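Written below as C-alpha cells is the structure these notes are about.
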Amino acid sequence: MKLSPSQVIVLATPVFLLMIAAEIAWGLWRGRNTYRLNDAVNSISLGMLSQISAVLTRLFRIGIYTAVYGWVSVWHNDDFWTSPLGWLLALVFYDFCYYWLHRAGHEVAVFWAAHVVHHQSQDYNLSTALRQTSSGALLGWVFYLPMAIAGVPPLVFGVVALVDLLYQFWVHTEHVGKLGWFDRWFCSPSNHRVHHAVNDRYLDRNYGGILVVWDRLFGSFREEDEKCVYGTRAPLESWDPLWSNAEVYWALAKDSWHAKSWADKVRVWFKPPGWRPADVAARFPKLPFALEEVRRYHPPMTRAMAWFAGVQFAAILGGVALFLWHADQLPVSQSAVWLAALTASLWAVGAAMQGRIGMAMVLVVQAAALSTATAAQGWIELHRVFKPLAMLLAIAFVLARSQRLRHERRHHLLLVAALVMCLAGDVFLMFPGYFIPGLASFLVGHLCYTALFRQDARWFASLPALAATLLAAAGMYAYLHPALGPVLKVAVAAYALVIALMAAQAIGRATVLRDAPSVAVAAGALFFMLSDTLLAINRFAQPLPMAQFWVLATYYAAQVLIVRNALSGAAAVTSPASPAPPPAAASAATWTGSRA
C-alpha cells in the first residue's frame, strides 16, 4: 500500500508519543524531569497545526518542485536516483539544501518569522521536536529548487525530506550527553541543544539537519561547553498556537509600517532578526536581552484544568490523525473546513491553559466549530446535534455566571434572552419551510442584544456608525429587493433595520467605553451583519461558494465575541467552571522538575 506523507506521520505519531512517555518516565526516575504539561501540549499542538496546514500548503513545496523538475531539470535518470547510491546522494543533497534554509531561518527576518515557532519553547525535550511552523512552506521551497533542477524525482525528494525530518526528532533531548566521534559528523543531542540556546556564545549555531559537517565547513559550528538556556530572546509568553505563528510577522509588519524610509520598510523583512530602522527603534524602544533575567512562562492551572486540557488534547489529536489519514482524498474546500475547525479547537485549549477562557467556553467554541464543519460537509444529522448544542452550552455558560454575579442579573437575563431566541432561530432554520419564524426569532434576539448594549452607554453614541450601518443595510436590501416576495420584502426590511441598529449601538458603546471588551462586542455585531448578509445573498440572490461555512463561521465568531465580552468584570474572562487560581496555586497536575 502506498502511503502519503501525511499517513506516514499518522503512523509515526504513536512512536513519537511512546518515546515522549519514555523520556518523561526516565526524567522522573532520575529526578531531572524536563517536561511541563502546558508547554508539551502547546508544542505538540503546533505540530498538529503544522501538519494539517501542510495539506493546503503542499503546493508550495511539492507542487512547485514538480513543475520545475518537469520544465527545467537537466538530468532525468530515475534508475540512478532510485538506486541505493542515488537515495543516499539525494538525502545528502537535501540535507545540504536544508542547512541553507535553516541558516536563512536565523539570519533573514522573514524566514525567522516562520522558523521562530520551533524555538519558542523554553523547555528542551522530544515534544519540542514536534513544534513546527505552519508558514515555512510559503517561502522555504526556494531552497530546494537546486534538487529539482538537478533532476531528483519528486518522489525521491518527498521521501528524503521525510527521512530528514524524522531523524531530527530524537536529538531534542537533554538526557543524552556527548557522543564522541558521532558529534563531529552528525547532528546530535549535544549539537542541537546548542542550536536551541539563547546564550551569547551559542546564538545562531549548528544548523545541520542530519549532518553537522556543513556547520564545520561553513563556520557555524559551536560545541556545547556551558549550560544552555532555551527559548527566544523575545519570549512568546503565550500558549496560543495562532499567535505563535504570527507574532514575528506582526512585529515586522509594525516596524515596516512605522519606518519613514521606503527602503527601510523593505529592509525590515530581509535584515537579520532584531534589526530595526533607527527611527523606529528610537520611537518604540525595546529592552536589551539579558540572559540572567530570563524567566520561564508558566501560568498556573488548577488540577481540573490540567485534566481537562489533557483530555481535550487527546481528543483533538485523534481528530487530527483521522483528518490526515484521509486528507489526500478530500477536496481542497473540505480540507480547509476541517483545518479551520481543528485550529479553532487547538486555539481554545491553548487559551484555557493560559487562563483567557474557561472550560465551558472551550466546549462552546468546539461545538460551534463542529456545527460549522458538519454543515459545510453536508452531514445534516450531525449538524442538527451540534448547532443547537453550541447555543445550549453558551446559555449554560451565561446562567452559571449569573449565579455568581447577582449585581449584573439584568445584563445576564438580556444576554440569555438573546441567546434563547438565537437558539430558536437556529432550530427553525435547520428545517425547510420555517424561514420566517427563524427570521422573527433572530429579530427578537437582536433586539435583546441592542437592549443589552444600551445598559452602559447612551443610545447610538456614534452617529457616523449609525449612518454607516444603516447605509450598508439599505444597500443590501436594495440589492435583494427584486428577488424577494411580498412577505419577505417586509420581513427582510425589518430585520435589516434591526441588525443595523444593533451594530450601531455596539459600535457607539465601544466609542464610549473605549476598552477591549466593548471593541470585541462591536466586532461581534459586525460579524453578525456579515453573516446575515452572506446568508441573504446565498438564499435570495446567487449561490456562494462554501456558503454554509462562511455563514456559520461568522455567526459563531459573533456569538463567541459577544458572550465572552458583553458583560463587565472578571466574569467576561474566565468561566466558573475553571476559575483562574492565584499565582501561588500552581497545579500539582502540571509536570515540573529540576533543570539541572
Side-chain angles (χ1 to χ4, degrees), residues 12 15-36 39-40 43 47 88 91-92 94-96 98-103 105-107 115 118-132 163-233 289 291-292 294 296 591-596:
V15 179
F16 294 154
L17 296 178
L18 284 173
M19 292 180 69
I20 288 171
E23 187 183 30
I24 293 170
W26 177 260
L28 291 172
W29 184 66
R30 294 290 302 272
R32 190 168 176 264
N33 182 36
T34 58
Y35 279 83
R36 293 175 294 155
D39 180 85
S43 289
L88 179 60
L91 182 59
V92 173
Y94 181 93
D95 201 57
F96 177 74
Y98 173 83
Y99 170 85
W100 290 107
L101 168 61
H102 199 180
R103 186 163 182 166
H106 285 255
E107 298 180 0
H115 182 59
H118 185 59
H119 285 263
Q120 289 160 340
S121 174
Q122 294 175 299
D123 296 341
Y124 190 78
N125 51 54
L126 293 178
S127 75
T128 310
L130 302 179
R131 188 183 188 98
Q132 298 292 329
V163 170
D164 202 277
L165 178 66
L166 294 175
Y167 171 89
Q168 295 177 56
F169 176 74
W170 79 279
V171 302
H172 292 80
T173 181
E174 292 191 85
H175 293 297
V176 176
K178 293 193 175 184
L179 299 176
W181 68 268
F182 190 88
D183 291 339
R184 291 193 292 273
W185 292 90
F186 296 96
C187 176
S188 64
S190 176
N191 291 335
H192 205 62
R193 286 193 290 270
V194 167
H195 176 73
H196 275 258
V198 293
N199 311 49
D200 287 339
R201 65 183 289 101
Y202 291 157
L203 202 63
D204 300 333
R205 298 289 180 171
N206 298 3
Y207 299 116
I210 294 179
L211 298 173
V212 81
V213 173
W214 313 123
D215 293 285
R216 294 182 181 275
L217 286 175
F218 300 113
S220 56
F221 179 77
R222 177 73 69 187
E223 188 171 357
E224 182 183 26
D225 53 16
E226 71 177 34
K227 179 178 173 59
C228 296
V229 178
Y230 303 107
T232 61
R233 293 197 161 195
F289 173 78
L291 188 68
E292 64 275 8
V294 172
R296 284 199 301 176
W591 295 321
T592 56
S594 66
R595 292 291 302 275

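These numbers come from a predicted model, not from an experiment.
Checked against the 6.0 Å centroid threshold, Trp214 and Tyr98 do not count as a close aromatic pair. Ring to ring, His118 and His195 are not that close: their centroids are 6.0 angstrom or more apart. Under the 6.0 Å cut-off for aromatic ring centres, Phe218 and Tyr207 do not qualify, their centroids lying 6.0 Å or more apart.
Of the inter-residue distances, the one linking Lys178 atom NZ with Glu224 atom CD reads 6.0 Å to the nearest 0.5 angstrom. The distance from the NZ atom of Lys227 to the CD atom of Glu174 is 6.0 Å, given to the nearest 0.5 Å. Here the OG1 atom belonging to Thr232 is positioned 6.0 Å from the CD atom belonging to Gln120, to the nearest 0.5 angstrom. Taken to the nearest 0.5 Å, the CZ atom of Arg216 stands 8.5 Å off from the CG atom of Asn206. Cys228 SG to His196 NE2: the interatomic distance, rounded to the nearest 0.5 Å, is 10.5 Å. Taking CZ from Phe169 and CD1 from Ile20, the interatomic distance works out to 4.5 Å, rounded to the nearest 0.5 Å.
Taking both residues in full, the closest heavy atoms of Leu166 and Phe16 are given as CD2-CZ, 3.5 Å, listed atom of the first, atom of the second, then distance. Closest non-hydrogen pair, Ser43 versus Ser121, comes out as OG-CB, 4.1 Å. When all heavy atoms of Ser188 and Leu179 are compared, the closest pair comes out as CB-CD1, 4.5 Å. Across all their heavy atoms, Arg184 and Val212 have their closest contact at O-CG1, 3.6 Å. The shortest heavy-atom contact between Asp215 and Ser220 is OD1-OG, 2.6 Å. Ala129 and His172 make their closest contact through CB-ND1, 3.3 Å (heavy atoms, listed as atom of the first residue, atom of the second, distance).
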Hey, mind stepping through Phe289 and Val294 against side chain to side chain contact (heavy atoms under 4.5 Å, CB included) and telling me if it holds? CA-CA 9 Å; Phe289 173 78; Val294 172; 3.7 Å; yes
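For the pair Phe182 and Asn191, the minimum side-chain heavy-atom distance is 4.5 Å or more. Counting heavy atoms from C-beta on, the side chains of Val198 and His119 never come closer than 4.5 Å. Looking only at side-chain heavy atoms (C-beta outward), Leu211 and Phe186 come within less than 4.5 Å of each other. Within the 4.5 Å cutoff, no side-chain heavy atoms of Ile210 are placed close to those of Cys187. Here the side chains of Phe96 and Val213 are not in contact, with every heavy-atom distance at 4.5 Å or above.
With respect to the salt-bridge test (charged N to carboxylate O, under 4.0 angstrom), the residues Asp123 and Arg296 qualify. In this structure, Asp225 pairs ionically with Arg201, as a charged nitrogen and a carboxylate oxygen lie closer than 4.0 Å.
For the pair Arg222 and Tyr202, the cation-pi test (distance below 6.0 Å, angle within 45°) is failed.
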Scan the side chains in residues 24-31 for donor-acceptor partners under 3.5 Å anywhere in the protein, sequence neighbours excluded, and list what turns up.
none

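Checking side-chain atoms of Asp95 against main-chain N and O of Leu91 turns up no donor-acceptor pair under 3.5 Å.
Ring planes of His102 and His192: tilted class, angle from 30 to 60°.
In the model, Tyr230 has no side-chain atom that pairs as donor or acceptor with a side-chain atom of Thr128 under 3.5 Å.
Glu23 meets the salt bridge (Lys or Arg N to Asp or Glu O under 4.0 Å) test with no other residue; sequence neighbours excluded.
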